[in-house]
Protein chains: 2
Amino acid sequence: MSQMLNVERQLREMILGLEIGPGERLTERWIESRFGASRTPVRAALLRLETEGLIGRDGRGWTVAPINLAELGQIAVYREAVEVAAVRLTTALEDRSGVEVIAAMLDSCDSETPREEWHRVGMDFHIELARLSGNEFLLRAVRDAMTRLSRARWLEVRDETALGRAWAEHHAILAAVRAGDADEATRLLSAHIAGSRDRLVTSLHDDRRGLRARGFAVVAA
Amino acid sequence: MSQMLNVERQLREMILGLEIGPGERLTERWIESRFGASRTPVRAALLRLETEGLIGRDGRGWTVAPINLAELGQIAVYREAVEVAAVRLTTALEDRSGVEVIAAMLDSCDSETPREEWHRVGMDFHIELARLSGNEFLLRAVRDAMTRLSRARWLEVRDETALGRAWAEHHAILAAVRAGDADEATRLLSAHIAGSRDRLVTSLHDDRRGLRARGFAVVAA
DNA sequence: GATACCGATTTGGTATACCAAGATGGTATT
DNA sequence: AATACCATCTTGGTATACCAAATCGGTATC
């Protein structure tokens, strides 16, 4: 059986879905029996997830990466650099029709849409926006950053107004890109990322006791 | 024996040192016998080198990544985004004394220094400059970009004046950072990266027949 | 002579056996 | 009762055996 991809995918989903908590120890034998694969594909999956930053080595042994508030700040800086560069490339394109596809994706969310879907679309917005640039490295950087952020975003205590605000900011960014206004687009994007980071870090910092009570390792900023 | 790290390091060095040519096929069994390791550490090394972009899958099987001129252009854009962000962070620091360490590193090269060393120092300049920012993600991005560029830079037909020009540009960037002049530093850095890219792509494009004659796979822009 | 077909070999994917180092727990000694 | 020490178990690192698919040659047929 082609277990390798399955083990990697399922394990990633368990980690991102917080079914395995941040800071938890992983043993190859447990994964082996949990997914019915042997150690070889398990090792391959672990090596891949390590490069994604979702797990790390704890001396000997593997550990699910903790929630690291300092890291969240650094990722925001990284994101801003690459996302702004991607948007600048995109605004310089003649054909920016890809913007409409992303707008349609945003509009697929309404009041009936479950929170989980709002989150996913919110992340995909940034990934797809980077893809429009046509630069594989900027795209990969944004995708990696989003992967590392996704658990934290899922833990964030987010009210409806915050989701709506992000949605509006996403649309505003698209409007500026559509108009070819690079400066406005990057200004809006930078502000969006900074605001997003502030709300995320604040929310997790305020709730860090609750997170630790759930058995999640949280590293302070 | 701790073969895993050795296999990975030695194989990386063979690829970066062009002892294994771009486009060449790799078999796990060959690596196994070449380095006296078994397939498990070989697999680990291959998986890691794949994420570094030095090797890729060719259907079934592994292939050393070809020299890709279009990719070199994309990397330059990526580099500029992350290196400029790093330099902006660094100029905003109160303590920029790390700049002097990098300056000393540059000055360790003189007319007696072999070409190979000039190349290494030229790459380390960018890595160490990114490290000063204190942002792990920007540092990793620059290090990854440099790794992907290093084979191409080694193939570049470079005269002495080009090496000296890069050295002078590096010093000029450091001077701007030392003075805390972020705009000047980023302007110089952007120009340096763009010029470096142009010379690199032009050189490889002009010599692509020679490269192919050496058995190297070259993908056009 | 070209081509279609079939078997042998190669090769990556997987499973598993073995090993050494570290963790664990229990016992004996003080 | 506390602690030092030793046997045992766990666990990641490594080596190897087995499998299926793809590739490569060769032969036979048209």
Side-chain angles (χ1 to χ4, degrees), chain A residues 1-16 19-66 68 212 215-217 219, chain B residues 1-16 18-66 68 215-217 219:
Chain A
M1 246 185 298
S2 172
Q3 299 282 19
M4 195 179 73
L5 292 177
N6 275 330
V7 172
E8 182 184 342
R9 188 174 46 75
Q10 293 183 69
L11 191 56
R12 185 188 295 108
E13 280 174 9
M14 286 189 73
I15 292 171
L16 293 181
E19 298 172 54
I20 312 177
E24 209 163 311
R25 265 191 90 99
L26 288 173
T27 70
E28 299 186 352
R29 258 85 175 193
W30 178 83
I31 301 168
E32 189 181 349
S33 67
R34 175 67 177 73
F35 298 109
S38 77
R39 288 183 67 199
T40 310
V42 168
R43 293 293 297 275
L46 288 170
L47 288 169
R48 288 242 164 76
L49 294 175
E50 184 188 21
T51 68
E52 293 182 32
L54 297 183
I55 64 176
R57 298 196 112 91
D58 174 39
R60 203 168 100 134
W62 302 91
T63 306
V64 177
N68 187 328
R212 292 210 176 98
F216 296 165
V219 176
Chain B
M1 246 183 300
S2 172
Q3 298 283 19
M4 194 177 75
L5 293 176
N6 274 332
V7 172
E8 182 184 341
R9 188 174 45 76
Q10 292 183 70
L11 190 55
R12 184 188 295 108
E13 279 174 10
M14 285 189 72
I15 293 171
L16 293 181
L18 297 166
E19 298 172 52
I20 313 177
E24 208 163 310
R25 265 191 89 100
L26 288 172
T27 70
E28 299 186 352
R29 258 83 174 193
W30 178 83
I31 301 168
E32 190 181 349
S33 67
R34 176 68 177 72
F35 298 108
S38 77
R39 288 183 67 200
T40 309
V42 168
R43 292 293 297 277
L46 289 170
L47 288 169
R48 287 245 164 72
L49 294 175
E50 184 189 22
T51 69
E52 292 182 32
L54 296 182
I55 64 175
R57 296 196 113 88
D58 174 38
R60 202 168 101 137
W62 302 91
T63 305
V64 177
N68 187 327
F216 296 164
V219 177

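Convention: sequence-line order gives letters A, B, ...; per-chain numbering from 1.
Rounding to whole angstrom units, CG of residue B/Leu47 and P of C/dT14 are separated by 11 Å. Atom CD of B/Glu32 and atom C1' of C/dG13 are 14 Å apart (whole Å). A/Ile31 places its CD1 atom 16 Å from the C1' atom of C/dA15, with the value rounded to the nearest Å. Going from atom CD of A/Glu8 over to atom C1' of C/dT14 covers 16 Å, rounded to whole Å.
In this structure, A/Arg57 is positioned above the aromatic face of A/Trp62, its NZ or CZ under 6.0 Å from the six-membered ring centre and within 45° of the axis.
Looking at heavy atoms from C-beta onward, A/Leu16 lies out of side-chain contact with A/Glu13 at the 4.5 angstrom threshold.
The side chain of B/Ser38 places no N or O atom within less than 4.0 Å of a non-bridging phosphate oxygen (OP1 or OP2) of D/dT14.
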Would you tabulate the pairs of protein nitrogen or oxygen atoms and nucleotide nitrogen or oxygen atoms of nucleotides 6-12 of chain D closer than 3.5 angstrom?
from: D/dT11; atom 1: O2; to: A/Arg60; atom 2: NH1; distance (Å): 3.3
from: D/dT11; atom 1: O2; to: A/Arg60; atom 2: NH2; distance (Å): 2.3
from: D/dG12; atom 1: OP1; to: A/Leu26; atom 2: O; distance (Å): 3.3
from: D/dG12; atom 1: OP2; to: A/Glu28; atom 2: N; distance (Å): 3.0
from: D/dG12; atom 1: N7; to: A/Arg29; atom 2: NH1; distance (Å): 2.4
from: D/dG12; atom 1: N7; to: A/Arg39; atom 2: NH2; distance (Å): 3.4
from: D/dG12; atom 1: O6; to: A/Arg29; atom 2: NH2; distance (Å): 3.3

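Across A/Glu28 and A/Leu46, no two heavy atoms sit closer than the pair CG-CD1, 3.7 Å. In terms of heavy-atom proximity, B/Pro66 sits nearest to B/Pro22 at CA-CB, 3.8 Å.
Under the salt bridge (Lys or Arg N to Asp or Glu O under 4.0 Å) criterion, A/Glu52 pairs with A/Arg12, sequence neighbours left out. Annotation: side chain to side chain contact (heavy atoms under 4.5 Å, CB included) contacts of B/Ser33 (sequence neighbours excluded): none.
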